[in-house]
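All chains are named by letter (A, B, ...) in the order of the sequence lines, taking the proteins before the strands, and each is independently numbered beginning at 1.
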2 protein chains.
Amino acid sequence: MFDVDDVLQTLAAHELKLTPQRRRVVEVFFRHPGEHLSADDVYAEVRREHPDVGLATIYRTLDLLSDLGILDKLEFGDGRSRYELDRGERERHLHLICTRCGRVEELQPDELLARLEGEIERRTGFLVVDRELKFYGLCAGCRADRQAGR
Amino acid sequence: MFDVDDVLQTLAAHELKLTPQRRRVVEVFFRHPGEHLSADDVYAEVRREHPDVGLATIYRTLDLLSDLGILDKLEFGDGRSRYELDRGERERHLHLICTRCGRVEELQPDELLARLEGEIERRTGFLVVDRELKFYGLCAGCRADRQAGR
DNA sequence: GTCGCTGCAAATGTTTTGCAATAAT
DNA sequence: ATTATTGCAAAACATTTGCAGCGAC
């Protein structure tokens with residue numbers, strides 16, 4: 001899945017119609033790579049140039065594209081769904097949250113995490129597409145402070 | 001946190017009132033260990049023996065107990081929040097959330113995860129105490145369905 | 001007796017659905 | 001020409017909030 005036309009060909013391959021509304025929804029995602037867009041985000045963006053689209057159409061299109069594996073539907077617990085283009089190799093968000101000073105560190109994916117995900121797939125058949133990993137604990141500074149009685 | 005009375009003592013310690021409604025909500029969770037209960041699940045269960053409770057009270061109580069750390073509030077992307085008794089730091093589950101059918105599988109933290117956490121500590125000095133891990137993707141069933149064009 | 005807590009009903013915000021009109025194939 | 005797709009409005013959800021009365025302390 002490299003550009004808008006690839007997506008539209010996928011639609012054709014499933015005998016689905018290539019409507020201007022669907023094209024525009026797809027374009028929004030290619031214009032906002034890596035972003036987690038809510039239905040309303042997409043709606044607003046599409047309406048800037050095509051003000052007569054209905055929100056229901058946005059929802060139906062997002063559902064459709066998710067079912068086709070073109071989009072991934074994500075939930076971040078804020079009461080609305082978010083969508084983004086399904087990318088094979090996604091950055092792996094891994095956050096270290098210090099419960100003492102509140103600082104958040106970000107870590108790059110590593111080979112051990114890849115192996116953990118491989119193990120998940122091997123054991124359960126579940127294909128990991130995205131992840132939200134939060135580790136809570138003490139950062140190096142706070143560990144030193146605590147040891148020193150600060 | 002071992003039984004209902006421990007929870008009720010925690011309420012008292014925070015100068016919160018021990019109402020029969022709160023007691024009943026807590027009891028539901030102790031009667032359903034390990035389950036992910038929605039507000040409506042709890043509501044239905046409480047109403048079986050106390051039919052005049054309001055749903056708003058259930059929501060307010062679930063919020064309160066989550067703030068106190070007695071419950072964990074979980075989001076699995078099916079449009080409703082789920083709650084369970086806080087299991088304590090080291091035993092928290094690892095969730096596999098299928099973005100197509102919404103099913104949630106649970107996995108126990110395993111040795112590969114322990115090594116990942118060891119690696120985090122070695123590289124950054126961060127001491128992992130707790131974690132919240134969500135992997136999004138396709139469960140085995142949905143992968144098969146998608147391949148078959150269903 | 002105080003004021004936190006409750007039940008009810010109404011409000012909110014997101015997502016879904018029914019339906020007649022429209023347009024892609 | 002067919003029939004999927006659309007826009008609109010209404011409906012369906014989960015959750016929150018305002019408020020007067022109730023009840024745990």
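- Between B/Arg31 and B/Glu45, at least one side-chain nitrogen of the basic residue sits less than 4.0 Å from a carboxylate oxygen of the acidic one, meeting the salt-bridge criterion.
- For B/Thr19 and B/Gly79, each mapped to the nucleotide of DNA chain D holding its nearest heavy atom, the one lying further toward the 5' end belongs to B/Gly79.
- For B/Ser38 and A/Gly54, each mapped to the nucleotide of DNA chain D holding its nearest heavy atom, the one lying further toward the 5' end belongs to A/Gly54.
- Among the atoms of the strands shown, base atoms are found under 4.0 Å from some heavy atom of B/Leu55.
- At the heavy-atom level, B/Ser81 lies under 4.0 Å from the strands shown only through sugar-phosphate atoms.
- Distance CD (B/Gln21) to C1' (D/dG23): 9 Å, rounded to an integer number of Å.
- On the nucleic acid side, DNA chain C has its first and last nucleotide under 4.0 Å of a heavy atom of chain B at C/dC3 to C/dC8, going 5' to 3'.
- Of the residues B/His32, B/Glu35, B/Arg82, the one that meets the side-chain contact (heavy atoms from CB on, under 4.5 Å) test with B/Asp41 is B/Arg82.
- The side-chain heavy atoms of B/Glu105 and B/Ile97, taken from C-beta on, include no pair separated by under 4.5 Å.
- Note: OH (B/Tyr43) to C1' (D/dC13) measures 15 Å, nearest angstrom.
- Nucleic acid contact class of A/Asp52 (heavy atoms, under 4.0 Å, all strands): sugar-phosphate only.
- A/Thr57 contributes no side-chain N or O that, together with a main-chain N or O of A/Val53, makes up a donor-acceptor pair within less than 3.5 Å.
- In plain terms, the two heavy atoms of B/Leu85 and B/Asp72 that are nearest each other are O-OD2, 4.3 Å.
- Between the side chains of B/Asp63 and B/Ser66, no donor N or O sits under 3.5 Å from an acceptor N or O.
- A donor-acceptor pair shorter than 3.5 Å can be found between the side chains of B/Glu75 and B/Ser81.
- The closest side-chain donor-acceptor pair between B/His95 and B/Glu132, if any, does not fall under 3.5 angstrom.
- Counting any heavy atom pair closer than 4.0 Å across all strands shown, A/Glu15 reaches no nucleic acid atom.
- Residue-level contact check: A/Pro20 touches the backbone only, with heavy atoms under 4.0 Å from sugar-phosphate atoms and none from bases.
- Atom CG of B/Asp40 is separated from atom P of D/dT16 by 14 Å (rounded to the nearest Å).
- Atoms CZ (A/Arg80) and P (D/dT15) sit 15 Å apart, rounded to a whole Å.
- Closest heavy-atom contact between B/Tyr43 and B/Leu55: CE1-N, 3.4 Å.
- For the contact set between residues 56-64 of chain B and DNA chain D, defined by any heavy atom under 4.0 Å, the members are B/Ala56, B/Tyr59, B/Arg60.
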